[in-house]
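So the structure is just underneath, and the comments pick up after that.
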Amino acid sequence: QVQLVESGGGLVQPGGSLRLSCVASGSIFSINVMGWYRQAPGKQRELVASITNGGTTNYADSVKGRFTISRDNAENTVYLQMNSLKPEDTSVYYCKADGVRNSVLQYLNNVWGQGTQVTVSS
């Protein structure tokens with residue numbers, strides 16, 4: 001069974017920085033796409049950033065230039081470096097993996113982590 005665990009959330013002042021990490025565990029041969037989503041109270045979950053196993057990245061307009069997504073394929077880990085944080089970035093951030101090749105020759109999609117809270121406030 002594949003599991004994703006996020007870490008690195010917390011409270012930070014506006015203009016500050018935070019780095020989120022997500023580790024995929026289990027018998028994994030490869031992961032096609034890993035991404036970060038966020039969901040604030042009363043709002044729909046939205047894509048923040050994604051990255052393919054080839055290194056192609058995609059960002060929401062609201063975070064472009066401030067956030068950077070990266071991954072370590074050998075460790076099945078994806079990171080989200082968040083700089084110049086704003087109060088509107090406050091949300092629960094979720095990690096997602098798609099195209100996961102596991103040990104029983106299956107391809108799994110929509111594998112989600114449990115989420116980590118990010119609060120930006122002075």
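In this structure, OG in Ser21 is found 11.5 Å from CD in Glu75, a value given to the nearest 0.5 Å. Atoms CD and CD, from Glu46 and Gln44 in turn, are 10.0 Å apart once rounded to the nearest 0.5 Å. Interatomic distance, OG of Ser25 versus CG of Leu4, reported as 7.5 Å (0.5 Å rounding). Here the NZ-OH distance, from Lys96 to Tyr37, works out to 4.0 Å after rounding to the nearest 0.5 Å.
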Run the side-chain donor-acceptor check on residues 79-88: report pairs under 3.5 Å with partners two or more places apart or on a different chain.
| residue | atom | partner | partner atom | Å |
| --- | --- | --- | --- | --- |
| Gln81 | NE2 | Asn83 | OD1 | 3.0 |
| Asn83 | OD1 | Ser17 | OG | 2.8 |

Just list the side-chain donor-acceptor pairs under 3.5 Å for residues 113-120, sequence neighbours left out, or say none.
| residue | atom | partner | partner atom | Å |
| --- | --- | --- | --- | --- |
| Gln114 | NE2 | Glu6 | O | 3.4 |
| Gln114 | NE2 | Glu6 | OE1 | 3.1 |
| Thr116 | OG1 | Gly9 | N | 3.3 |
| Gln117 | NE2 | Ser91 | O | 3.4 |
| Gln117 | NE2 | Thr119 | OG1 | 3.3 |

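With a 4.5 Å cut-off on side-chain heavy atoms, Asn76 and Ile31 count as touching. Two residues are said to be in side-chain contact when any heavy atoms from C-beta on lie closer than 4.5 Å; Ser50 and Val33 meet this criterion. In this structure, Asn109 and Asn32 have side chains that are not in contact, with every pair of non-hydrogen atoms separated by 4.5 Å or more. Side-chain atoms of Asn102 and Phe29, non-hydrogen and from C-beta on, never get closer than 4.5 Å to each other. Trp36 has its side chain within reach of Cys95: a pair of non-hydrogen atoms, C-beta onward, lies under 4.5 Å apart. The side-chain heavy atoms of Val100 and Ile28, taken from C-beta on, include a pair separated by under 4.5 Å.
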Apply the test side-chain contact (heavy atoms from CB on, under 4.5 Å) to residues Val111 and Gln3: give CA-CA distance (whole Å), side-chain angles for both, the deciding distance (0.1 Å), then the verdict. CA-CA 7 Å; Val111 181; Gln3 293 181 315; over 6 Å; no
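Taking the side chain to side chain donor-acceptor pair (under 3.5 Å) definition, one finds that Asn53 meets it with nothing, sequence neighbours left out.
In this structure, Tyr93 and Phe67 have tilted ring planes: the angle between them lies in the 30° to 60° band.
In this structure, Arg38 is not positioned above the aromatic face of Tyr94 in the sense of NZ or CZ being under 6.0 Å from the six-membered ring centre and within 45° of the axis.
Heavy atoms only, all atoms of each residue included: Gly35 and Ile69 are closest at CA-CD1, 4.3 Å. Residues Val78 and Met34 approach most closely at CG1-CE, 3.7 Å, considering heavy atoms.
Under the 3.5 Å distance criterion, the side-chain polar atoms of Arg71 are matched with a main-chain donor or acceptor of Thr52.
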